[in-house]
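So the structure is just underneath, and the comments pick up after that.
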Amino acid sequence: MAHDFDLFVIGAGSAGVRAARVAANHGAKVAIAEEYRVGGTCVIRGCVPKKLFVYASEFAHEMHAIAPGFGWTIEGARFDWATLRDNVAAEVDRLSGIYARNLRNAGVEQILQRATLAGNGVVRLANGETVSSARILIATGATPWLPEDLPGVEHCITSNEIFHLAELPKRILIAGGGYIAVEFAFILKGLGVDVTLLYRGDTVLRGFDDDVRTQVHGELKRKGVRVITQSVFDAIEKIDGGLVATLTGGRKVEVDQIMLAVGRIAHTEGLGCEEAGVERAANKSIKVDAFSRTTAPGVWAVGDVTDRLNLTPVAIREGQAFALTEFAGTPTAFDHADVATAVFTQPPVGTVGLSEADARARYGAVDIYKTTFRPMRYVMPNDETRMLMKLVVRASDDVVVGCHIVGPDAGEIIQAVGIAVKAKLTKAQFDATCAVHPTVAEELVTLKDKWVPDARN
Ligand SMILES: Cc1cc2nc3c(=O)[nH]c(=O)nc-3n(C[C@H](O)[C@H](O)[C@H](O)COP(=O)(O)OP(=O)(O)OC[C@H]3O[C@@H](n4cnc5c(N)ncnc54)[C@H](O)[C@@H]3O)c2cc1C
């Protein structure tokens with residue numbers, strides 16, 4: 001049967017755009033549908049605008065806590081939310097335009113409307129038309145999850161709205177302990193907002209190494225974020241001039257805005273998965289094999305919608321692997337092990353490989369090398385920002401199986417350490433590498449003593 005397209009991609013985010021371009025570059029006739037804006041979460045309302053907000057936020061600490069120690073007097077500093085918001089929006093527009101242009105240059109047809117699966121290689125467009133394709137790629141990403149049964153949930157915003165607020169709130173309550181909640185707690189605090197972070201666990205950043213979690217929790221408090229743990233909302237009520245959140249146990253918190261960052265859910269609602277025979281997991285993500293094949297012949301899925309490792313570079317690699325496999329004759333499965341990642345807290349986190357707890361569970365005996373210290377930059381200003389460096393080493397063969405950093409430039413440093421961990425280098429090879437001086441990163445190759453737990457603890 002002749003199809004309209006060789007490949008139809010649903011969703012023009014990181015994963016879909018990469019897959020579409022690579023397939024088209026290998027001669028395929030490709031269309032991509034997008035219901036919101038070309039670029040997807042990362043470009044439009046994720047990594048990129050968030051990182052720009054982080055830069056804006058960091059100036060506060062630099063100007064008020066660090067610069068004076070180096071002799072600078074900064075008077076009359078003032079932050080204007082509208083300038084930041086509008087400049088970021090303009091940058092997002094520019095990047096979205098580049099994504100659209102790259103698709104055009106590759107010969108990919110862009111269909112700017114919602115698309116759903118109709119089964120048997122057919123895609124239904126929002127305008128009622130249908131098109132057929134030899135292969136269909138689902139790359140619809142994920143969206144913020146909302147507790148629909150929470151009374152007053154309609155008064156809350158999510159990370160989708162935070163980038164467009166008409167005014168910066170004076171007081172905000174952020175619910176969640178994952179990286180998005182924690183990053184925005186630091187961002188907004190730096191911009192001068194009174195921030196309360198509400199989390200149902202006892203320490204933020206579940207899944208990260210325990211030392212990282214403790215350090216970030218401490219930094220939140222040191223920066224003046226009010227952290228309320230082991231608590232959730234009972235209800236949210238709108239009052240004159242704000243919102244009142246009632247927490248478990250009856251405690252009430254009055255704020256101007258509440259942001260929910262309590263998880264994300266695969267964007268598969270109403271996508272036609274059942275009709276097309278595409279099986280989903282209990283959490284609504286699409287089940288795939290190592291080559292991103294779904295349970296329906298001719299249908300693949302990549303990126304956050306598959307809930308494997310929800311990061312932009314991973315989505316891009318999954319999209320690329322699919323396109324190389326199907327259109328370049330090079331079977332490629334992306335290896336999800338040892339993906340380095342950063343959390344843009346202030347200071348940031350960089351992490352790769354296994355946490356100490358996971359390494360102990362998997363390998364039994366592990367050696368820990370770790371240090372905390374005050375980087376040179378913070379000593380003269382007498383600022384308490386500290387650096388954590390931690391290496392997790394498999395005792396049986398000396399291979400470094402994890403590295404966890406909290407401190408200035410951790411996100412940049414971890415990219416290079418990620419190569420070493422992915423290459424399964426040993427602690428002896430780290431030690432054989434000469435230091436770069438004076439840097440904070442040099443500690444990674446000068447950690448000599450195994451860490452021994454304090455016998456008194
Ligand atoms: C606030 C925030 C901060 C983040 N920060 C980072 C970070 O610092 N580093 C990092 O690596 N990752 C970060 N992420 C995660 C990252 O953004 C995602 O992992 C990545 O965007 C996933 O790409 P994707 O292509 O799978 O999905 P998406 O980028 O979400 O793209 C999916 C696209 O599909 C479209 N779509 C959905 N359904 C349909 C349909 N039926 N028809 C047509 N179009 C449809 C959507 O509109 C969207 O444009 C962040 C996410 C958020 C929310």
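When a ligand or atom number is given, it counts from 1 through the structure's own listing order. What you see is a predicted model, and the numbers here were worked out from it, not measured in a lab.
No donor-acceptor distance shorter than 3.5 angstrom exists from the side chain of R18 to the backbone of R317, with no hydrogens or angles considered.
Of all the heavy atoms of V314, none lies under 4.0 Å from any atom of ligand 1, so neither backbone nor side chain is involved. The parts of T140 lying near ligand 1 are both backbone and side chain, judged by heavy-atom distances below 4.0 Å. Heavy atoms of E183 found under 4.0 angstrom from ligand 1: none, in either backbone or side chain. With a heavy-atom cut-off of 4.0 Å, A139 touches ligand 1 through its backbone alone. Both the backbone and the side chain of R114 come within 4.0 Å of ligand 1, counting heavy atoms alone. Residue contacts with ligand 1, taken as heavy atom pairs separated by less than 4.0 Å, involve I180 solely via side-chain atoms from C-beta onward. When non-hydrogen atoms are compared, ligand 1 lies under 4.0 Å from the side chain of K50 (C-beta onward) but not from its backbone.
Annotation for ligand 1: atoms under 4.0 Å from non-hydrogen atoms of P313 are 11 (O). Taking every non-hydrogen atom of L271 and a distance limit under 4.0 Å, the qualifying atoms of ligand 1 come out as 41 (N). Below 4.0 Å from some heavy atom of A33 lie the following atoms of ligand 1, by number and element: 43 (C), 44 (N). Taking every heavy atom of G303 and a limit of under 4.0 angstrom, the matching atoms of ligand 1 come to 26 (O). Contact atoms of ligand 1 toward G40: 29 (O), 31 (O), 49 (O) (distance under 4.0 Å to a heavy atom of the residue).
Considering backbone and side-chain atoms alike, I10 places every N or O at 3.5 Å or more from each N or O of ligand 1. Ligand 1 has no nitrogen or oxygen under 3.5 angstrom from a nitrogen or oxygen of R45.
Using a 4.0 Å cutoff on heavy atoms, N310 counts as a contact of ligand 1. Heavy atoms of E318 come nearer than 4.0 angstrom to ligand 1 in no pair at all.
Taking the charged nitrogens against the carboxylate oxygens, D256 and R171 do have a contact shorter than 4.0 Å, which makes a salt bridge. Note on E219 versus R386: no salt bridge recorded, every NZ/NE/NH1/NH2 to OD/OE distance being 4.0 Å or above. Ion pairing between E384 and R222 fails under the 4.0 Å rule for side-chain N and carboxylate O. The pair R377-E62 meets the salt-bridge criterion, with a side-chain N (NZ, NE, NH1 or NH2) lying under 4.0 Å from an Asp/Glu carboxylate O. Salt-bridge check for D194 with R226: passed, with a basic side-chain N closer than 4.0 Å to an acidic carboxylate O.
Judged by the 6.0 Å and 45° rule, R135 forms a cation-pi pair with F327. Relative to the ring axis of Y36, R45 places its NZ or CZ within 45° and under 6.0 Å from the centre.
Among D304, T306, V288, L309, the one residue that satisfies the side chain to side chain contact (heavy atoms under 4.5 Å, CB included) test with E318 is T306. Applying salt bridge (charged side-chain N to carboxylate O under 4.0 Å, His left out) to E279 and the options R293, K287, K284 leaves one that passes, K287.
Closest to atom 42 (N) of ligand 1, if we only count protein heavy atoms, is A115 N, 3.0 Å. With respect to atom 47 (O) of ligand 1, the closest heavy atom belonging to the protein is E34 OE2, 2.6 Å. Scanning the protein for heavy atoms near atom 2 (C) of ligand 1, the closest one is G46 CA, 3.5 Å. For atom 31 (O) of ligand 1, the closest heavy atom belonging to the protein is G13 CA, 3.3 Å. Of the protein's non-hydrogen atoms, D304 OD2, 3.2 Å is the one closest to atom 18 (C) of ligand 1. Given atom 45 (C) of ligand 1, the protein heavy atom at minimum distance is E35 CG, 3.6 Å. Counting protein heavy atoms only, atom 9 (N) of ligand 1 is closest to C47 SG, 3.7 Å. Of the protein's non-hydrogen atoms, the one nearest atom 16 (C) of ligand 1 is T312 OG1, 3.3 Å.
Expressed to the nearest 0.5 Å, how far CD1 of I414 lies from OG1 of T351 amounts to 6.0 Å.
Taking the six-membered ring wherever Trp is involved, the centroid distance between the rings of W300 and F8 does not fall below 6.0 Å.
Considering every non-hydrogen atom in both S96 and V43, the closest pair reads N-CG1, 4.1 Å. The shortest non-hydrogen separation linking A315 to G303 is CB-CA, 3.9 Å.
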